[in-house]
Amino acid sequence: MATSYATVTWDQLHRDARQLASTLMTRGPFKGIVAITRGGMIPAAIIARELDCRLIDTISVVTYDEEKMGEPSVIKNADAAGDGEGFLIIDDLVDSGVTAQLVRKLMPKAVFACLYAKPSGRPVTDMFVVEVPQDTWVLFPWDTAPLFIPPLASKPAVKA
Ligand SMILES: O=P(O)(O)OC[C@H]1O[C@H](OP(=O)(O)OP(=O)(O)O)[C@H](O)[C@@H]1O
Ligand SMILES: Nc1nc2[nH]cnc2c(=O)[nH]1
Ligand SMILES: [Mg+2]
């Protein structure tokens, strides 16, 4: 169970995806990109734009139910990518590394990159932008909404 949360805004996610794209320029050009659904789709779209890559396929892996991890299962394969040669696989993050390991086994020749990496998943990715502590749950912009917070002065004063 996570002991803290890290909120990523749309702006930050866009900046991080652009930074990853700039590093990936040295590893390409790529024939295409495989996005791991669903979290990898928005990062993959931003990176595809930066790398001028038009071919995007998806692989669908179901692993988590809310924050609870289950048995990973592939419900759609990325047929366009074959064994991954010349392809780039994108996900939003690696946590335990289970999802990435499974996908890499299916496309062993692909380059794997993600925005955020926790220590257990770090060895499974070729590239990432920011390391996040293992006990921190990353909240992506699509998971959150701005919330009204009452001003301090509106709360009853606490007596010493
Ligand atoms: O390294 P792991 O422990 O396998 O965790 C990382 C995976 O978990 C999340 O996806 P999730 O399975 O929650 O599905 P989603 O992308 O559809 O939200 C995240 O987007 C990664 O794909
Ligand atoms: N949103 C989100 N999904 C995850 N799946 C595995 N780890 C995480 C995380 O830290 N945040
Ligand atoms: Mg995912």
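Heads up: numbering here begins at 1 and tracks the sequence. Start at 1 and go down the list; that is how both ligands and their atoms are numbered.
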Identify, for [atom], the protein heavy atom at the shortest distance, and state residue, atom and that distance.
atom	result
atom 2 (P) of ligand 1	S96 OG, 3.4 Å
atom 16 (O) of ligand 1	G39 N, 2.9 Å
atom 3 (N) of ligand 2	W137 CZ2, 3.3 Å
atom 18 (O) of ligand 1	R38 NH2, 3.6 Å
atom 6 (C) of ligand 1	L93 O, 3.5 Å
atom 5 (O) of ligand 1	Y64 CE1, 3.3 Å

Subject >> ligand 1-proximal atoms of D92, by part, heavy-atom distance under 4.0 Å >> reply: side chain
Original post:
Taking non-hydrogen atoms only, is T37 closer than 4.0 angstrom to ligand 1 via side chain, backbone, both or neither?
Top reply: backbone
Could you tell me which atoms of ligand 2, counted from 1 in the order shown, lie closer than 4.0 angstrom to a heavy atom of [X]?
X	answer
K118	7 (N), 9 (C), 10 (O)
D95	6 (C), 7 (N), 8 (C)
V138	1 (N), 2 (C), 9 (C), 10 (O), 11 (N)
D143	1 (N)

Original post:
Quick one: hydrophobic cluster around F148, which other residues, with the 4.5 Å side-chain cut-off, linked directly or via members?
Top reply: none
Ignoring hydrogens and angles, write down the donor-acceptor pairs under 3.5 Å from the side chains of residues 17-25, residues two or more places apart or on other chains.
{"from": "R18", "atom 1": "NE", "to": "E50", "atom 2": "OE2", "distance (Å)": "3.2"}
{"from": "T23", "atom 1": "OG1", "to": "Q19", "atom 2": "O", "distance (Å)": "3.1"}

**OP:** Closest by any non-hydrogen atom to atom 21 (C) of ligand 1: pick that one out of T99, T63, D91.
**Re:** D91
**OP:** Could you please spell out the steps behind the side-chain hydrogen bond (donor to acceptor under 3.5 Å, both in side chains) verdict for T37 and S60?
**Re:** CA-CA 5 Å; T37 69; S60 303; 3.1 Å; yes
Original post:
Is M127 atom CE crowded by more than 12 heavy atoms from other residues, nucleotides or ligands, each under 6.0 Å away?
Top reply: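 Count over threshold, so yes.
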Compare all side-chain heavy atoms of [X] with those of [Y] and state whether any distance is below 4.5 angstrom.
X	Y	result
I46	L13	yes
F140	L93	yes
I42	W142	yes

Subject >> Salt bridge D95-R122, side-chain N to carboxylate O under 4.0 Å >> reply: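 Looking at R122 together with D95, the answer is no, because their closest N to O distance does not fall below 4.0 Å.
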Subject >> Under-4.0 Å salt bridge between D91 and R38 >> reply: no
Original post:
Are there protein heavy-atom neighbours of atom 10 (O) of ligand 1 below 4.0 Å?
Top reply: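 When distances to the protein are checked, atom 10 (O) of ligand 1 has no heavy atom within 4.0 Å.
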Subject >> Steps toward side-chain contact (heavy atoms from CB on, under 4.5 Å) verdict (V34, I90) >> reply: CA-CA 6 Å; V34 175; I90 295 288; over 6 Å; no
Original post:
Does any N/O atom on G97 come nearer than 3.5 Å to any N/O atom on ligand 1?
Top reply: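 N/O-N/O distance below 3.5 Å exists for this pair.
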Original post:
Taking both backbone and side-chain atoms of V94, is any N or O found less than 3.5 Å from an N or O belonging to ligand 1?
Top reply: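 No, since none of the N or O atoms of V94 sits under 3.5 Å from an N or O of ligand 1.
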**OP:** Show your working on side-chain hydrogen bond (donor to acceptor under 3.5 Å, both in side chains) between R104 and Q101 and close with a plain yes or no.
**Re:** CA-CA 5 Å; R104 294 206 81 155; Q101 250 162 11; over 6 Å; no
Subject >> Under-4.0 Å heavy-atom contact with ligand 2, by part of L139 that carries it >> reply: neither
